[in-house]
Amino acid sequence: MTSRGAGTAFSRRNYRLSTESEKPKLTGIVNSKLLNDYLHRIFPSADGIQPATAYRKPLTFQNLQEHLDKLLAEDSGAEDSRDQVLEGRLGPSTVVLDHTSGFEGLLLVDDDLLGVIGHSNFGSIRATTCVYKGKWIYEVLISSQGLMQIGWCTLNCRFNQEEGVGDTLDSYAYDGNRVRKWNVTTTNYGKSWAAGDIVSCLIDLDEGTIAFCLNGVPLGTAFDNITRGAGMAYFPAISLSFKESVAFNFGSRPLRYPFTISLGEEQPVPRPFWITYPVEGYRPLQDPPSVDLVKAHKLLGYLKNVIHIGIDVLEGKLVEKDTSTWQLQGEPTVLITLTHIFNHFAPLMCKVYLVDDVLMHFLLSILERGGAVEAHPLIQQLLDLMWLLMEDYEVHECLKQLLMSLLRAYRFSPIIPDLGLQIHYLRLTIAVLKHEKSRKYLLNNVLFDVLRSVVFFYIKSPLRVEEAGLQELIPTTWWPNRFTKEGKESKEVKEESAEERLRRRAYDRGCQRLKKRIEVVEELQVQILKLLLNNKDRGGGEASRYIFLNKFRRFLQENASNRGNLTVLCPPEYMVCFLHRLISTLRCYWDGHKAKAPAALSSEEAYVPPQLFYNGKVDYFDLQRLGGLLSHLKKTLKDDLALKANILIDPAELQAVTMDDLDEDEETATSTAQRPVAALAIGGALARPSWLSSPTLGRANRFLSTAAVSLMNPRRPLGTLEKMKARTLSVEQRTEDDIEGSHGNEGLLLGRPPEEPEQSITENSLLEILDGIVMMYNLSVHQQLGKMVGVSDDVNEYALALKDTEEKISRCPKRRRDIYEELVKSQKVFSEKLNHLSRRLAWINVTIYSKEKMQDIYWLLRVCIRTIEHGDRTGSLFAFMPEFYLSVAMNSYSALKNYFSPVHSMEELPGYEETLTHLAAILAKHFADSRIVGTDIRDSLMQALASYVCYPHSLRAVERIPEEQRISMMRNLLAPYEQRPWAQTNWILVRLWRVRSHCLLLPAAWAHASGAITQLQGCGFGYRYTRLPHLLKTKPEDANLPSLQKPCPSTLLQQHMANLLRSDCDMAPSFLNSVLNQLNWAFSEFIGMIQEIQQAAERLERNFVDSRQLKVCATCFDLSVSLLRVLEMTVTLAPEIFLDWSRPSSELLLRRLAQLLNQVLNRVTAERNLFDRVVNLRLPGLESVDHYPILVAVTGILVRLLMDTDFQGAKRATAVLLADPCFQLRSIQYLLGHAEPSALAAMPPSADKRHFSLHTYTDYISLEELAKVERMLNHLSEESKQAAASTLPTSEEDLCPICYAHPISAIFRPCSHKSCKACINQHLMNNKDCFFCKATITGVDDFIKPVSS
């Protein structure tokens, strides 16, 4: 016997449906009378009237087949005519998108030819069927809410990359993105659509009208009097921009929003959401399978009768049974009856429409009675029957279509206040997955291979608050009033008014109601994952967990290997929800194992052991390791692997990996050269699945291009795109023993290093899932967490705008009624927007930023910290760890600190201080770890450490790490700046220096002559601001001004720095010379750039300076200031480095410092100079460039050298400063506003001209500091006069032939050439050859000119 309607002839299972007369006695089949009554009850006549027993033909299993065929044929009179062409429609009966000739531009089309993604500026595509008469309807699922025009067009319409549907004469479209309708011209129409909405497109060719519905709500007639007549037929069509996506339903599935009222009424009266009748009078373009639909409903009715009616053999009568507890119980009569039913029912369940309309809604109706899923074993019994009575290929197709329908229904169901629809579909999904055989088939073949099953774990955010019912759930809105005027810090905390307190509490109660409803959905999602991670269902093959592991790893590989292809990547919003559900499920199984094995670790102590990173049991698909490429590490560390982990690397495998690298490079270069431009445009994703399109959220799609030769076939086979390097053990090859281990095999824990404890952690499979969770966070979760903070920022901006508007209303004069009315309108707009955003923010806070989600991220942070610490103990094997563990540790901390506040504070988390200390130790140790070679990860570590020292709580954590680690960190920070990310290093040192009111003790050797130890008030001259002072004078309330963190001192780390610079005679000169070199470079670059900017501004023609150039210019200025601050810190902490000339290089360092300080002062303080002119332009992007930041930094250095040191030190510093040819006293006078008399005489009188003076910044510079500057000016004035009077004229012959600035003071050995000490000392730092003769210099002696000369 063959199955009907299956498309291919398959032999059905032979259940011997006919029986012999004596069979009942042998097999337990009931007597003929009872059997006759039973079969007539199961298979009643069509009219439902049962004939009297005397006139009723006896039914037996011999004639049941004939009876059943007759019943099924009663209402199938239309079967003969179903293939006839309907009047008014032309084209194939199965309607799909025209992928052969009906498109324009670049498009990705799903394999079922119903979903489409735009891949060019404005691609267009039409359907294969057109209509010319009657009323027709089709639906479009909006998968993304961007620019699209949906409607109808004729065959004559010609589209291009600029004009699409609605832009030509005979095409008509609705655009919900811009809320307009299009037919050459455009006018306002309809409502705005959002992702997940359903647009119904209706055309009435009898009346000549086109209308649209949005989610079943009629939008009214869009076009009337459309062109009709001979040769005029309309195709469904769409035009969509890049990366926008939709899915069509022409009738292949039941229509989603059917109504039976006319379009003229305002409010629709929908039937229940699972009923699929069309809008009255309108037919879908593709006819539903009416005959099969009737048969399926009849057969389903017979199946229900079998469930409802039982046979009491002892009493010899039929009884009503409780359907909720129905079981087959091996009754032959019932089994043979069911076999007859399934003989007809099974082929029908392979069809998409029937699975969606009949089977899914029957199963849903079983669960409608409420209660737990376990209380409805009937679904399990039905699945048992399907596997027993249907062919395997029929069960497979049926289950696949059922899961597709459930996934689509869950993802795109509208959000109602109790989330009832989503809960309904998840409960049925759980019921199906509870069936072991079905679960394993779906895991093996459907959930990750055909479907995007991650969608089941996503809770979408409603874009329309009203439709989601949030107004009823959260009737009172509230938003935090976090307003602070820019400028000086205010310590006043605004008290909450009684009204605000009541609103906040009412809002919190609404949020709690919402949270309870969402938690129901989340718990159901966790139940699904618990089923998928079941490792006890080993009956009939591998346990579910190990199937899931392999599929999960492949899912991670797809997302890690296609970072630039958005159509392949799982959307980040899905990843966030999946991660949290997976963490909950993992911790549940982890702690369950702990309960059974007390010696194992709890989930609070979870970590990933280091051997997973190098034993080849887990595939990391070429992700970067800390030490570089895996192939390189296997070669260089093979001896360490053998010694520490007892792992031997096969030389043949090393060679295979190396050759595969070469082959892949050659193949990539060759294939790239051969691929056409159109193929290159989509980044090699031609045959990859798409997340964006979907009627089914399925995976396969195809690429369409009007520019390509082949329209349908991928340019490269899938296998070539996914070519993998040789692995020790691929994912597909692994078994349960390879993962869990057995009989001495450690499984994933193979190669335990001696540093790793022998204690059991947990089940090995859970370790791999934990590793995958960390990878998931790194792939896209962190990015999404940062993105959703934007809603909170919007709330703050609108709240500030509303507050300003209310203040203006209160100040508005009564006579200006017009202004008052406009302000009131603005107030209303801002209030409505805030009400909407505050409700949406409540949803986001519950689903993404709740306390439970914060605890998940915190748990993940601690897992990464413990994993890094265990890996670090393995020594050189630490290099095998993937980089993403360090990235997740840094990013998860950043998320906890920046994204979850102010709703929840990180300080509330248990073990918060200890965790910060452990993370600080990791950053301090590994930012300069030689085992880490990747430039990006090293930069990230440096940036994380720089951020860490910006805040008091994290800086205190750095101070709590062991002293040895602190000193090592400071030593690494003080390494020379060349060939490393010195800007971040410099910023870290600046942060350690920048304080507000702390004191630092100078070493006694450099105290004043009185012997007292001097205290310096504030480490940083005039460096106590959080906003740049010069901007606060002009733009005191501009929120976009550059800002600094609040002063945050670390005297402990400063002391470490001072000790290192004093004790290490080689470190100080190399570090300071590198700082001076970078300062010279940064300031020179800055001066060069402002020269170009000034020249561009002075040209007569209109010129716009490149914003990037302005940004680089401002960066160079900021770098110059920060380098000066580091020099100020060094001079303060260890002045002997410059002033104790018994130390090598001290004099040279002091002379170089003086030279640079004079250059900076001269450039910045000259009247009407280049710096002045550019500052006065006030260009956007150069806000930070001003006199104050750089001059106070220079002043701080000079004050430390000249005023805060002992007499001998000040004398040396003064002599070097005055001896520099660039020194100008007027530069020092400029600091206090003393302009040169000559300059004043030359300047035209101007009342507006104000000279710079430190006296005008008394909020940031103390009176004591100003007094020191006054004393310094007086001191330099006197010393310069004395130097001028005592200095004798020097002949040119006695000047240094290199710099011509200083007298000759050094003679070289052995060549006896001469120069000043400054020149030769600086030269010998980089070169040992003589300036003049290139001989190798062996020594330098002081040169004293003979008296006779």
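Among residues at least two apart or in separate chains, there is no ring pair (Phe, Tyr, Trp, His ring centres under 6.0 Å) pair with a member in residues 1129-1148. Residue pairs meeting the salt bridge (Lys or Arg N to Asp or Glu O under 4.0 Å) criterion with at least one partner in residues 1295-1311, sequence neighbours excluded, are R1309-D1341.
Among all heavy-atom pairs drawn from V1175 and V1185, the shortest one is CG2-O, 3.8 Å. In plain terms, the two heavy atoms of C1316 and S1305 that are nearest each other are CA-OG, 3.4 Å. Minimum heavy-atom separation, L1133 to R1062: O-NH2, 2.9 Å. When all heavy atoms of S1227 and N1162 are compared, the pair lying nearest together is OG-OD1, 3.1 Å. Smallest separation of non-hydrogen atoms from S1122 and V990: O-CG2, 3.4 Å. A983 and L1119 make their closest contact through CB-CD2, 3.8 Å (heavy atoms, listed as atom of the first residue, atom of the second, distance).
Atom-to-atom distance recorded for L1273:CG and E1278:CD is 10.0 Å, nearest 0.5 angstrom. Between F1117 atom CZ and D1186 atom CG the span is 7.0 Å, to the nearest 0.5 Å. In this structure, L973 CG and W982 CH2 are separated by 14.5 Å, a value rounded to the nearest 0.5 Å. Note: I1090 CD1 to L1177 CG = 10.5 Å, rounded to the nearest 0.5 Å. Rounded to the nearest 0.5 angstrom, L1218 CG and E1279 CD are separated by 7.0 Å.
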Given side-chain contact (heavy atoms from CB on, under 4.5 Å), test T1205 with R1200 step by step and report yes or no.
CA-CA 7 Å; T1205 58; R1200 301 301 184 221; 5.8 Å; no
Candidate pair I1190 and V1160, rule side-chain contact (heavy atoms from CB on, under 4.5 Å), full reasoning
CA-CA 8 Å; I1190 196 165; V1160 172; 3.8 Å; yes
Applying salt bridge (charged side-chain N to carboxylate O under 4.0 Å, His left out) to R1143 and E1136, what does each step give before you reach the verdict?
CA-CA 8 Å; R1143 298 171 61 96; E1136 61 267 35; 5.5 Å; no
L1201 vs L1153, side-chain contact (heavy atoms from CB on, under 4.5 Å): CA-CA, chis, key distance, verdict:
CA-CA 11 Å; L1201 288 173; L1153 176 63; 3.9 Å; yes
In sequence, state the C-alpha distance, the side-chain angles, and the governing distance for V1194 and L1198, and then conclude on side-chain contact (heavy atoms from CB on, under 4.5 Å).
CA-CA 6 Å; V1194 173; L1198 293 175; 4.1 Å; yes
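Cation-pi check for R1125 over Y1023 is met; the charged atom lies under 6.0 angstrom from the ring centroid and within 45 degrees of its normal.
A side-chain donor-acceptor contact under 3.5 Å links Y1188 to the backbone of G1022. For S1074 (side chain) and F1071 (main-chain N/O), a donor-acceptor pair under 3.5 Å exists by modelled atom type. E1128 places a side-chain N or O within 3.5 Å of a backbone atom of F1021 that can act as its donor or acceptor partner. At least one donor-acceptor pair closer than 3.5 Å links the side chain of R931 to the backbone N or O of G875.
For the salt bridge (charged side-chain N to carboxylate O under 4.0 Å, His left out) test, no residue two or more places apart in sequence or in another chain qualifies with R1163. Partners of E1270 under the salt bridge (charged side-chain N to carboxylate O under 4.0 Å, His left out) rule, at least two apart in sequence or in another chain, do not exist in this structure. H1275 is linked by a side-chain hydrogen bond (donor to acceptor under 3.5 Å, both in side chains) to T1214, counting only residues two or more places apart in sequence or in another chain. Taking K1314 as the reference, nothing meets the salt bridge (charged side-chain N to carboxylate O under 4.0 Å, His left out) condition, with sequence neighbours excluded.
Ring-centre distance between F878 and H926: below the 6.0 Å cut-off. For H1313 and F1332, the ring centers sit closer than 6.0 Å to each other.
Using a 4.0 Å cut-off between charged nitrogen and carboxylate oxygen, D1064 and R971 do not count as a salt-bridge pair.
Between Y1257 and F1252, the ring planes lie tilted relative to each other; the angle falls in the 30° to 60° range.
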